[in-house]
S.K.: 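Quick one: the structure is below, questions incoming.
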Protein chains: 4
Amino acid sequence: MRSENRSTGQGPGEGKRRSFIEEARRAQIIDAAVETIAEFGYVDASLARIAQRADISKGVISYHFDGKDELLEQVVVQVYGAIAEEVGPKVRARGNGREALRTHILEVARHMQSHRARLLALTAIFAGARTRDGSPRYGQADNEPIYQGLESMFRRGQEEGEFRDFDVRVMAVTLQGALDSMFSYWVARPEYDMEDHARELAEMFDRATRASSR
Amino acid sequence: MRSENRSTGQGPGEGKRRSFIEEARRAQIIDAAVETIAEFGYVDASLARIAQRADISKGVISYHFDGKDELLEQVVVQVYGAIAEEVGPKVRARGNGREALRTHILEVARHMQSHRARLLALTAIFAGARTRDGSPRYGQADNEPIYQGLESMFRRGQEEGEFRDFDVRVMAVTLQGALDSMFSYWVARPEYDMEDHARELAEMFDRATRASSR
Amino acid sequence: MRSENRSTGQGPGEGKRRSFIEEARRAQIIDAAVETIAEFGYVDASLARIAQRADISKGVISYHFDGKDELLEQVVVQVYGAIAEEVGPKVRARGNGREALRTHILEVARHMQSHRARLLALTAIFAGARTRDGSPRYGQADNEPIYQGLESMFRRGQEEGEFRDFDVRVMAVTLQGALDSMFSYWVARPEYDMEDHARELAEMFDRATRASSR
Amino acid sequence: MRSENRSTGQGPGEGKRRSFIEEARRAQIIDAAVETIAEFGYVDASLARIAQRADISKGVISYHFDGKDELLEQVVVQVYGAIAEEVGPKVRARGNGREALRTHILEVARHMQSHRARLLALTAIFAGARTRDGSPRYGQADNEPIYQGLESMFRRGQEEGEFRDFDVRVMAVTLQGALDSMFSYWVARPEYDMEDHARELAEMFDRATRASSR
DNA sequence: TATGAATGAGCATTCATTCAT
DNA sequence: CATGAATGAATGCTCATTCAT
């Protein structure tokens, strides 16, 4: 997405290989950014606040990242990466069909529970980040990989007769929306039992997708 | 939610009776705010830009509204009001149960289609607005009326045996999430057929909610 | 040179008609900029310092000017305008030839003496201002009107036989350079007698230009 | 001019004897500085950019030079030295009087042509560099040696009756200004024939200086 | 010798808000 | 009622310099 090399910057370039300590700093800053955005939202997550939370000077962020945009992009990359890495394999292990669908829902819920701040930051960035001309910087396009993963799951279930014949794209979008709304609801109510919610969701989507019995 | 009284003595207070021209100005400004937020997002919808779109001076906004916060609150109120006024009656006219659910989905989709900017502004404000201390200014709490309307619809359907015995809160949250994701998906793809999507959604939720056929 | 309208700015647009008090403020700021640049040079003439000298807040400058670039451009315009307005007519009054040349030199010197800061600022801006890509923002191109004025003076003198047959462009560039170096020399030595210098210069250029006497 | 000793104990001091490799590094850095300043101007010739052009790390510059100020001073010294070394002897070889003047003009032009970047850097530094208190770091004082050289040339010509009786200081300042303006004019127009210009200049100054013919 | 890392001051600019007219 | 003018805080960013390794 970003492509130009830094014209004058002092820090290491973007594609450059990075030292261990460089990577550690970047990770630390990304973490601080995640927490700050999760707590204060996109608008108020200034470099000053992020630096303060990381207990470093503002300049360090500029040194290690090309700018605020690159930092936020790395946050997005990191969060997406983590979820793909954690949830993906478990779902694929289930084979396809009804069990995979149920596993996806429950595992995503579990992931949300253990990475609350990350996902909060992700949604904040998605909602808030804009390009220079005012249009959203991130958007549905970035969900495409998720949708395609879900679709292939649905499609196989349909081919094997477990699932009825529905529009897989609509189902994917809907499932993602259902999970998002579950997360938002839980975030606002820390005592809420998200696992219970996820189990209800699994039942719902099972009914919504399965082939008409006998 | 807002509590402080206006700090300066100028302009009409909040609960004050308002002249006709005063109301017209407020409506004009609210409209400009809606369009600006829809186009540029929460962060970049500065009073300057809103005033520019309304073709008035920035000071006018401060005169008619207690501040940016009140303006945004009025946007929220207006958007919520419009949807309740337009969709609510049609749904209630359907009686309850399966027909009402289907109607709700299709009518919300229709409303989204004809009020794209308003809903865009609403989601932007929800995602972006924060209180002084950093916590979200709006949130799930504001969805409560919607949830309760859906719940009562679901509960009656259950009592009358049309719907199976599911958790009505989870179903309400999920339905809302499904509609939101549909809207977002359509917003990013102007050529997308949202009505088709809505019909698929209706079918899905029908299956997810109806009493097990025998 | 600048053409885009301010995208969001709060102040009056560039081509707009300006109120009296608006013009007064602009003039005041331009004056402060001139003095600041004359004293501190291009680099250190920050908006903060300029505002401080004008005894206003930094924001006022941004309000009245589109940005630092526009402010500096106005400085250039103003300084060039003043010199053209003051010196031009006096020279033209002399008819052409030897008298005009002498008058030009003496009048420019007089002008330099009474507008030291302005000319200092002008040279600083010329030397320091760069475009985004690093190339000079102002340059010889901006001297073109001056050169052409001198050239037409020389050319008429040649036609009338007062001046010998020299390259008018070289003579124009040289005369301008001679005046510039006189100014710089004087600036560094406040007690230096610039009028004397100017008279010597007039003698020199008279000899350098006049038709060989016989 | 510089007086403070280096603040930290690292790196070689200013008057210290320097190893061969140390000198090589300094020369390399000075060259990079010259090119960078010539291209980007004084303001934008940051240490980062200079280091980048020299393909070394920024720290190296700080190691070999006491700070940016010393680096720029060395640039000035080097450029001045080169011109004195190259032009001076040729002029002196001419004896004095009219031939020496002509030779000076033509040789300076030749030198400018082959050291465009150096002279560009020099003028940029002269115009841009300031001391802590805002006053110019370099100035007319630094031209003093040049003026004195020219003056002694003129004076001898006067004594021998070749030159008329003019103010030698004014003539020196004017000649230097004429050469500077020639350079600037050429810099902005790469295709311009500077040698031609120089020949015209020689003719002009010959006429301006020579004793009235019989 | 050389480097990468870090700092903190300073920069131009944008913003919501206030206020006299 | 409406405006234009002004404010001062905050933002992202660049820079010369320092310093441990």
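The sequence lines fix the lettering, A, B, ..., with proteins before strands; numbering per chain opens at 1. What you see below is based on every heavy atom in this structure, not just the backbone, and it leaves out hydrogens, waters and symmetry mates.
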S.K.: Please report the distance, rounded to the nearest Å, between CG in D55(C) and C1' in dT7(F).
M.R.: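 Rounded to whole Å, this separation is 14 Å.
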S.K.: What heavy-atom pair brings A117(D) and A38(D) nearest, and what distance separates the two atoms?
M.R.: O-CB, 3.6 Å
S.K.: Quickly work out the L72(A) CG to dC13(F) C1' distance and round it to whole Å.
M.R.: 15 Å
S.K.: For a quick test of reading the model, state the closest non-hydrogen atom pair linking Y42(D) to I125(D) and the distance between them.
M.R.: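 Closest approach of Y42(D) to I125(D): CD1-CA, 4.0 Å.
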S.K.: Distance check needed: dC11(E) P versus R130(C) CZ, whole Å only.
M.R.: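 Value for this atom pair: 20 Å.
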S.K.: Please give, in whole Å, the distance from dG4(F) C1' to R26(C) CZ?
M.R.: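 Rounding to the nearest Å, CZ of R26(C) and C1' of dG4(F) are 15 Å apart.
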S.K.: Check the distance between dG4(F)'s P and F20(C)'s CZ and give it to me in whole angstrom.
M.R.: 17 Å
S.K.: Does K58(C) contact dT13(E) through a side-chain donor or acceptor facing the base, at a distance under 3.5 Å?
M.R.: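 Flag set: donor-acceptor pair detected.
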S.K.: Just compare dA16(E), dG12(F), dT3(E) and give me whichever is closest to any side-chain atom of L47(A).
M.R.: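 The listed nucleotide nearest to L47(A)'s side chain is dG12(F).
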S.K.: May I ask which nucleotide in the shown strands pairs with dA20(E), Watson-Crick or G-U wobble, both distances under 3.5 Å?
M.R.: dT3(F)
S.K.: So does R49(D) pair up with E39(D), basic N to acidic O under 4.0 Å?
M.R.: no
S.K.: Mapping I56(A) and I56(D) to their closest nucleotides on DNA chain E, which lands nearer the 5' end?
M.R.: I56(D)
S.K.: Counting only side-chain nitrogens and oxygens, does S46(D) get under 4.0 Å of the OP1 or OP2 atom of dT14(F)?
M.R.: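 Checking dT14(F) against S46(D), no side-chain N or O comes under 4.0 Å of OP1 or OP2.
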S.K.: Between R132(D) and K68(A), just flag the one whose closest nucleotide in DNA chain F comes earlier from the 5' side.
M.R.: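 Residue closer to the 5' terminus by nearest nucleotide: K68(A).
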S.K.: How close or far is atom P of dC13(F) from atom CG of D44(D), stated in whole angstroms?
M.R.: 18 Å
S.K.: Roughly, in whole Å, what's the span from CD in Q52(B) to P in dC15(E)?
M.R.: 11 Å
S.K.: Quick one: pull up OH in Y63(C) and CD1 in I56(C) and give me the separation to the nearest 0.5 Å.
M.R.: 12.5 Å
S.K.: If you compare every side-chain N and O of S62(C) against the phosphate oxygens of dT7(F) (OP1, OP2), does one of them come in below 4.0 Å?
M.R.: no
S.K.: Return whichever of G59(A) or A48(C) has its heavy-atom-nearest nucleotide of DNA chain E closer to the 5' end.
M.R.: G59(A)
S.K.: Which nucleotide wins on minimum distance to the side chain of S57(C), given the candidates dC13(F), dG8(F), dT7(E)?
M.R.: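 So the side chain of S57(C) is nearest to dG8(F).
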S.K.: Less than 4.0 angstrom between a side-chain N/O of H64(C) and OP1 or OP2 of dG4(F), yes or no?
M.R.: no
S.K.: Report which part of the nucleic acid I21(D) touches: base, sugar-phosphate, or nothing (heavy-atom distance under 4.0 Å, all strands).
M.R.: sugar-phosphate
S.K.: Mind calculating the distance between CD (E70(B)) and P (dT17(E)) to the nearest angstrom?
M.R.: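 Value for this atom pair: 11 Å.
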S.K.: Identify the residue among R132(C), R137(C), R130(C) that makes a salt bridge (Lys or Arg N to Asp or Glu O under 4.0 Å) with D69(C).
M.R.: R137(C)
S.K.: Please determine if a side-chain N or O atom of Y63(D) lies less than 4.0 Å away from the OP1 or OP2 oxygen of dA2(E).
M.R.: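 So the side-chain polar atoms of Y63(D) never come under 4.0 Å of the phosphate oxygens OP1 or OP2 of dA2(E).
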S.K.: Just to confirm, is there a sub-4.0 Å distance from OP1 or OP2 of dA2(E) to any side-chain nitrogen or oxygen of R25(D)?
M.R.: yes
S.K.: Among I30(C), V34(C), D31(C), I61(C), find the one that has a side chain to side chain contact (heavy atoms under 4.5 Å, CB included) with I50(C).
M.R.: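 That would be I61(C); it is the only one of I30(C), V34(C), D31(C), I61(C) passing the side chain to side chain contact (heavy atoms under 4.5 Å, CB included) with I50(C).
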